[in-house]
Amino acid sequence: MTRKLLPLWPQPEGLDAHAVLEHRTLQDGMPLIVDEQMRPVEPICGWFRALAYENKQPETMRAYAYIVRRLAEFLRQRGTDVLGATEADLVGYRWARTELDTRPIDGATWDKEAVVINGFYNFLLGRGLIERRPFRLIGRSQTRNSLHSGVRRGMEIRHMSVEQYLFFRDVGFGGQLPDGSVDDSFRGWAPHRGRAALELALLTGMRLQEWSTLLLPELGVGSRRTGDPVTFRLQKCAKYESPRDVYVPSAALDMVDHFLRLERPEIAEVSAKALARRGTDLFVVSKIDHEQGRLHGVLEGRRRQFVMSAMSPELRRVTVWENEFGVEPLAVFIGHGGKMLGPSSWDRIRKDAWLRMRAHADHPSAPILPGKAWRFHDARHTFAVQLLKYLQRVRVQGEIERDKARGMITLPEHYSLNPVLTVQRRLGHLQTSSTYEYLRYTEDPMKYVDAAFREWSAHDGATYADIALRALDADRAEVAGA
């Protein structure tokens, strides 16, 4: 295969790093893969630069970087590179990842990696660096490639019962005992913070990045009456930056208020001096416009103003305001040093809560726990399933009343009363097919199995276990008499 090497990243002569950066400014969060001489590895870095200019999220590009770096290292060991790879090389890489690795990945995980690899080679093809893809497109629609595992999968939806949720919230995060009493031996830090976070996730259906990056004004702090709900606009921190309005009921806000009154002031006061030392790195807010959802302040020595819904997670992490203690972060959920808690911190908090739940799993008041630890995202799934159940009941009752009146449903009523469309809007799904996945979980099939075979489980008043024991005793008696 003829390879065409194009200068994707022109550099000034010499190895002056400052000159290189001045010549080609790097986007924040863009991965940079270098060789042994600390030179950018092309065309991989050129691909990341293109992704950065397309406003791809830094977390997404970081995940892509690990995937492409592993592929490049595999190809290097086979004596080739990403430009010279053949279909046999890529199929061999799939085999290595799914079968030969110390910890092989499953088909679903591989398919996600294959999508990234396909996107990378689409970039190379579009830039003229390769003449054709090193794999075939297959299927009638020619939308899948030969790297696909062939595994058909749906969404992994895990939802909790109310008993499981309360156990997760109050025992795991809150430090209570399963019977609801106080555990004097609990040594967890900021239990109200964890309880408030889980309550927000459950009652709003927000994803981890969405609720963990919230700012105080977005929850109406300073403008909301006690007991009132809140609705705010979500965009930059949403998945795919797809905008939607989020409704936060008063029950979730009450739980957040407990954290704001009992734990957050101490955390903020202790971290005030550490934040003040960061100086110009901070966006210091001087005015909060609640009506317009806008913050006014100083960032890097310049007067700036931002619409809160358009603020990135990175900007939110450095957003502060001044009060009687000095500088205080404007983020709702903060930790040591006044920093907004990131995904790794929340994951550590969640794992600690799960270990505590497992330690009390044998208590008579404890619900049945799954073998796999609960995630914050499972609260989002629970929100979707419970909301869908409720809306279906409302829809059925509405149709019964409409049949009595012999009225016809209008198109606006169809859209406003359709349970799936309503849940889709609440969750921010781009495709209705994603929301339809939850319909499979609105009923528990195991309950119907138990009911359907209840009469089959007994014979002459005896269960199958009793019948088996009698048969075993009869066999033993027969052997003893022989």
Side-chain angles (χ1 to χ4, degrees), residues 165-177 180-184 186-204 206 208 210-232 246-276 282 284-290 293 295 308 316-317 319-342 345-346 348-350 352-353 356 376 379:
Y165 168 72
L166 293 176
F167 195 74
F168 193 9
R169 187 193 71 182
D170 297 333
V171 177
F173 289 111
Q176 296 180 7
L177 292 173
S181 61
V182 176
D183 185 359
D184 295 330
F186 179 65
R187 295 293 181 268
W189 190 64
H192 290 287
R193 182 182 60 192
R195 295 176 77 237
L198 189 62
E199 192 86 348
L200 264 179
L202 175 79
L203 297 183
T204 64
M206 285 190 286
L208 173 62
E210 296 168 350
W211 58 257
S212 67
T213 57
L214 284 174
L215 302 178
L216 293 172
E218 290 177 308
L219 294 185
V221 176
S223 63
R224 166 178 58 87
R225 296 182 307 177
T226 302
D228 286 351
V230 165
T231 300
F232 68 92
V246 176
Y247 172 78
V248 186
S250 58
L253 293 172
D254 288 343
M255 196 74 72
V256 173
D257 286 342
H258 292 160
F259 165 63
L260 297 182
R261 289 196 300 266
L262 299 177
E263 295 173 350
R264 193 181 183 280
E266 181 181 355
I267 301 173
E269 182 178 358
V270 171
S271 62
K273 292 182 179 179
L275 279 177
L282 303 174
V284 182
V285 175
S286 57
K287 177 185 175 182
I288 301 175
D289 187 341
H290 292 280
L295 300 179
M308 283 185 283
R316 289 165 178 261
R317 289 190 178 94
T319 300
V320 299
W321 64 342
E322 293 182 308
N323 57 18
E324 63 271 20
F325 301 117
V327 178
E328 178 183 344
L330 210 57
V332 174
F333 297 110
I334 58 176
H336 291 293
K339 296 180 180 179
M340 176 189 292
L341 293 177
S345 297
W346 281 114
R348 184 177 62 254
I349 294 170
R350 177 191 62 85
D352 289 342
R356 178 172 170 77
F376 283 109

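Along the sequence shown, residues carry numbers from 1.
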Legend entry - Side-chain touch Met255/Leu203, heavy atoms, less than 4.5 angstrom: no
Inset, instruction - Could you please spell out the steps behind the side-chain contact (heavy atoms from CB on, under 4.5 Å) verdict for Glu210 and Thr204? - result: CA-CA 10 Å; Glu210 296 168 350; Thr204 64; over 6 Å; no
Legend entry - Distance-minimising heavy-atom pair for Leu275 and Leu282: O-CD1, 3.2 Å
Inset, instruction - Could you pull out the closest heavy-atom pair between Ser271 and Gly338, with the gap in Å? - result: CB-N, 3.1 Å
Inset, instruction - Kindly determine whether Ile267 and Trp189 satisfy side-chain contact (heavy atoms from CB on, under 4.5 Å), including the steps that lead there. - result: CA-CA 11 Å; Ile267 301 173; Trp189 190 64; 3.8 Å; yes
Legend entry - Within-4.5 Å side-chain heavy-atom neighbours: Val285 and Thr319: yes
Inset, instruction - Mind checking the CZ-CZ spacing from Phe259 to Arg195? Nearest 0.5 Å is all I need. - result: 13.0 Å
Inset, instruction - Output, in order, the C-alpha distance, side-chain angles, deciding distance and verdict of side-chain contact (heavy atoms from CB on, under 4.5 Å) for Val248 and Val256. - result: CA-CA 11 Å; Val248 186; Val256 173; over 6 Å; no
Legend entry - Minimum side-chain heavy-atom gap Asp183-Arg356 below 4.5 Å: yes
Legend entry - Point-to-point distance, once rounded to the nearest 0.5 Å, from CE of Met308 to CD1 of Ile288: 7.5 Å
Inset, instruction - Report yes if the side chains of Leu341 and Ile349 come closer than 4.5 Å at any heavy-atom pair, otherwise no. - result: yes
Legend entry - Gap separating the CD atom of Glu199 from the CG atom of Asp254, nearest 0.5 angstrom: 9.0 Å
Inset, instruction - Report the residue from Phe168, Trp346, Phe167 that forms a ring pair (Phe, Tyr, Trp, His ring centres under 6.0 Å) with Phe173. - result: Phe168
Inset, instruction - Salt-bridge test for Arg316 and Glu218: reply yes if a basic N is under 4.0 Å from a carboxylate O, no otherwise. - result: yes
Inset, instruction - Identify the residue among Met340, Arg264, Arg317, Lys339 that makes a side chain to side chain contact (heavy atoms under 4.5 Å, CB included) with Pro329. - result: Arg264
Inset, instruction - First locate atom CZ of Arg193, then atom CG of Leu262, and finally report the distance between them rounded to the nearest 0.5 Å. - result: 13.5 Å
Inset, instruction - Please work out which of the three classes, parallel, tilted or perpendicular, describes the rings of Trp211 and Phe333, given edges at 30° and 60°. - result: perpendicular
Inset, instruction - Might you work through the side-chain contact (heavy atoms from CB on, under 4.5 Å) test for Leu295 and Leu330, ending with a clear yes or no? - result: CA-CA 11 Å; Leu295 300 179; Leu330 210 57; 3.8 Å; yes
Inset, instruction - Kindly assign one of parallel, tilted or perpendicular to the pair His192 and His258, based on the angle between their ring planes and the thresholds 30° and 60°. - result: perpendicular
Legend entry - Interatomic distance, Trp321 atom CH2 to Leu216 atom CG [nearest 0.5 angstrom]: 6.5 Å
Inset, instruction - For the residue pair Pro191 and Phe186, establish whether any side-chain heavy-atom pair is separated by less than 4.5 Å. - result: yes
Inset, instruction - Determine whether Asp257 and Arg224 make a side-chain contact, defined as any pair of heavy atoms from C-beta on separated by less than 4.5 Å. - result: yes
Legend entry - Rounded distance [0.5 Å steps], OG in Ser286 versus CD in Glu322: 9.0 Å
